[in-house]
Amino acid sequence: MNYAADIMFIFVSLCVYVLSVWMVYQSTRTKSLLTPAYFFIFLFSILYYPGGMYLFLTNGKSAFVSSGARNYSFYFAVNFSLLFLSAGVFAANRLFKFSAGTELENFRKKEWKNILTGTPFYVALGILTFISLLATYIYIRSRGEIPLIEAVKLFGSKGSYERTISNRLLFTTYGGGGGTYYYQGYFAQFYMILLPFIFLLSAVMALKNKSKNWLLFSAFIFIITSFALMSSIARWPILVFISYIFIMYQLYYGRITWKMFLTYTAVSLLIFTFITILRIGGEDVVKPAPAPGLKSVESVKTPVVVEEKRMGLLDSVFQRIIAAQINVIYSEFELFPRKYDYKLGITILRDFRDVLPGPDYSFSAWLYTKMFTNDKQYFGSGSAPSGYLGELYANFGLAGVFLGMFILGIILQWNYIFIIRSSKTLFGLATFPIIIFALGWSTIGGIVTILFQMGIVTMLLCNLCFIAFFKIWNFFYFT
């Protein structure tokens, strides 16, 4: 092992990282507001950097797919892609003539306004709430036994782990041997996006108007939404919801306070711990065999994305948050172009087609079959989310990664500029957290995932429906 070379790679990585963060700071001029670019860097720093450097320095020793050789394309992609994203943020400021410090102060001085009031607002919100609650109830009832309830009942009993995993598998998928997951189908938009939006809207109404009625309504929606998101005993949906609330509060006050940050961190850790305790324990599930066609070139490791072991909380955090995502990315850099040619945008088109009803033809599902076996003992089909960076590389190589990250930087900063310059409305305040989080989720999901699963398209349609409802109401009322 060449320790001098390893130290050089680590030093270059740290320099590039610091330079990237500094460029974003110069473009936003704030350390107390979670901008879309900051949020992306925050997730990128957790999901990509620690695990990415470890995989590179150990030649993919613990990766799902590894040739055993040092992957320099992976190193340059993980480290320098953030620099190109920061350059995109910087370019957006020039393109939109954004004066970060001055315009942020003007934003903080403005008051939040409620432009949607009166009978049409209450009727529209009532219709949206009724439809969302009804759809959530029908779908959850149609899934059979609820894993969260069953896990609580079985907790501590012999074989509870296997039965909990089995219940979760039946609850979260439909179709032959897999299909759409509980938090990815059409119905997921009601409890993953619309119910959280309704809560955010009612919460900001209670916050602005100091209304007890709005407070009670928001508490009711919070309980229902939290149960729906935790019902599959998946950890990330409820943590996404908590993140929405955190982003909403820091936008409302125009800055992040230590109290706000510590509360968010404590609540997230408590929820993560609670669900992890329900999930871990019992016997390990069966390990998968190497995927067909990879035996002669790569070694395939047991994927932590679908295997739950009896592990401590810290091990679970590392395996499921730090290791899993970057392992999928690394595996893509091993598969392309060694085993498969670059897809030249085909996977993105397939993902758009996968939005329509039918079997799962997504790139994540295809990638899973190339990384792991479809042995029924190992839960049949699955998904290996490649993230925006991985999707770019699989389609267009290293050049596509750099160009795509530069464009993403422009989009992230444009979103921030739009928020700062727009009117401070409560309806917008309930919408922005979902958009900001969806853009940050590009560290995990691809283009189609960001647009559809994470709710950008749903929120745009929701806003258009509210506007159309008001116009129709006013037309008939005044005529």
Side-chain angles (χ1 to χ4, degrees), residues 116 121-149 168 170-175 179-205 214 217-245 247-248 271 354-358 360 362 383 427 429-438 441 445 448-469:
L116 299 177
F121 170 69
Y122 295 120
V123 172
L125 182 61
I127 294 174
L128 179 63
T129 303
F130 175 77
I131 293 175
S132 299
L133 289 174
L134 181 63
T136 300
Y137 173 77
I138 292 174
Y139 188 64
I140 290 180
R141 281 296 300 270
S142 71
R143 308 311 303 150
E145 294 181 342
I146 299 175
L148 177 63
I149 296 177
R168 181 169 181 246
L170 294 173
F171 183 84
T172 56
T173 60
Y174 71 81
T180 301
Y181 286 95
Y182 174 73
Y183 35 81
Q184 293 178 344
Y186 292 109
F187 276 93
Q189 295 299 297
F190 292 103
Y191 46 83
M192 282 290 298
I193 305 300
L194 291 177
L195 281 182
F197 168 73
I198 293 168
F199 167 78
L200 293 175
L201 186 56
S202 60
V204 297
M205 294 292 287
W214 278 113
F217 178 71
S218 64
F220 168 73
I221 296 297
F222 177 83
I223 294 171
I224 297 296
T225 304
S226 298
F227 176 79
L229 296 178
M230 291 194 296
S231 58
S232 66
I233 57 174
R235 287 164 286 212
W236 73 267
I238 184 64
L239 294 178
V240 169
F241 180 42
I242 300 300
S243 299
Y244 289 159
I245 300 172
I247 296 172
M248 182 270 288
I271 292 173
D354 199 51
V355 174
L356 301 175
D360 188 358
S362 68
S383 177
F427 200 86
L429 180 59
T431 302
F432 291 145
I434 298 174
I435 304 297
I436 291 174
F437 193 94
W441 198 254
V448 175
T449 298
I450 299 166
L451 291 175
F452 293 95
Q453 180 186 339
M454 299 310 298
I456 290 181
V457 171
T458 299
M459 290 315 305
L460 292 176
L461 292 174
C462 183
N463 277 256
L464 290 174
C465 287
F466 263 85
I467 294 172
F469 185 86

Hits for ring-ring contact (aromatic ring centres under 6.0 Å, His included) against Phe241, two or more places apart or cross-chain, chain-then-number order -> Phe199, Phe222
How many angstroms lie between CG in Leu201 and OG1 in Thr431, if you round to the nearest 0.5 Å? 8.0 Å
Give the C-alpha distance, both sets of side-chain angles, the deciding distance and a yes or no for side chain to side chain contact (heavy atoms under 4.5 Å, CB included) between Tyr191 and Tyr139. CA-CA 10 Å; Tyr191 46 83; Tyr139 188 64; 3.3 Å; yes
If you take all heavy atoms of Leu195 and Thr225, which pair is closest and at what distance? CB-OG1, 3.4 Å
Under the rule for ring-ring contact (aromatic ring centres under 6.0 Å, His included), what residues qualify as partners of Phe432, not counting sequence neighbours? none
Provide the closest heavy-atom pair for Leu429 versus Met248 in the form atom of the first, atom of the second, distance. CD1-O, 3.7 Å
So, Phe197 versus Phe427, ring centres under 6.0 angstrom or not? yes
How close do Ile193 and Gln453 get, heavy atom to heavy atom, and via which atoms? CD1-O, 4.1 Å
Under the side chain to side chain contact (heavy atoms under 4.5 Å, CB included) criterion, do Phe190 and Ile131 qualify, and how do the steps go? CA-CA 8 Å; Phe190 292 103; Ile131 293 175; 3.8 Å; yes
Across all chains, not counting sequence neighbours, the ring-ring contact (aromatic ring centres under 6.0 Å, His included) partners of Phe452 are none
When every non-hydrogen atom of Ala228 is compared with those of Ser231, the smallest separation belongs to O-OG, 2.7 Å
Which residues pass the side-chain contact (heavy atoms from CB on, under 4.5 Å) test with Ser243, sequence neighbours left out? Tyr264, Phe437
Can you list everything that forms a side-chain contact (heavy atoms from CB on, under 4.5 Å) with Leu461? Sequence neighbours excluded, please. Val457
Looking at OG of Ser226 and CD1 of Ile221, how far apart are the two atoms once the value is rounded to the nearest 0.5 Å? 10.5 Å
Test side chain to side chain contact (heavy atoms under 4.5 Å, CB included) applied to Arg235 and Ile271, step by step: CA-CA 8 Å; Arg235 287 164 286 212; Ile271 292 173; over 6 Å; no
Sorted by chain and residue number, the side-chain contact (heavy atoms from CB on, under 4.5 Å) partners of Leu460 (sequence neighbours excluded) come out as Ile456
So how far is it from Leu229 CG to Ile224 CD1, rounded to the nearest 0.5 Å? 11.5 Å
Please report the shortest heavy-atom distance between Ser218 and Ala203, naming the atom on each side. CB-N, 3.9 Å
Applying side-chain hydrogen bond (donor to acceptor under 3.5 Å, both in side chains) to Tyr137 and not counting sequence neighbours gives Arg141
Let's go through Phe220 and Leu133 carefully: what are the C-alpha distance in whole Å and the side-chain angles of both, what is the deciding distance for side chain to side chain contact (heavy atoms under 4.5 Å, CB included) to 0.1 Å, and is it a yes or a no? CA-CA 11 Å; Phe220 168 73; Leu133 289 174; 4.1 Å; yes
For the atom pair CD1 (Ile149) and CE (Met230), what is the distance rounded to the nearest 0.5 Å? 11.0 Å
Once you measure the plane-to-plane angle for Trp214 and Phe217, does it fall in the parallel (<30°), tilted (30-60°) or perpendicular (>60°) bin? perpendicular
Restricting to side-chain contact (heavy atoms from CB on, under 4.5 Å), what partner residues turn up for Ile467, sequence neighbours left out? Lys471
By side-chain hydrogen bond (donor to acceptor under 3.5 Å, both in side chains) - contacts of Thr458 (at least two apart): Gln189
Might you point out which heavy atoms bring Met454 and Ile434 nearest each other, and give the distance in Å? O-CG2, 3.8 Å
Value for CZ (Phe469) from CG (Leu128), rounded to nearest 0.5 Å, stands at 11.0 Å
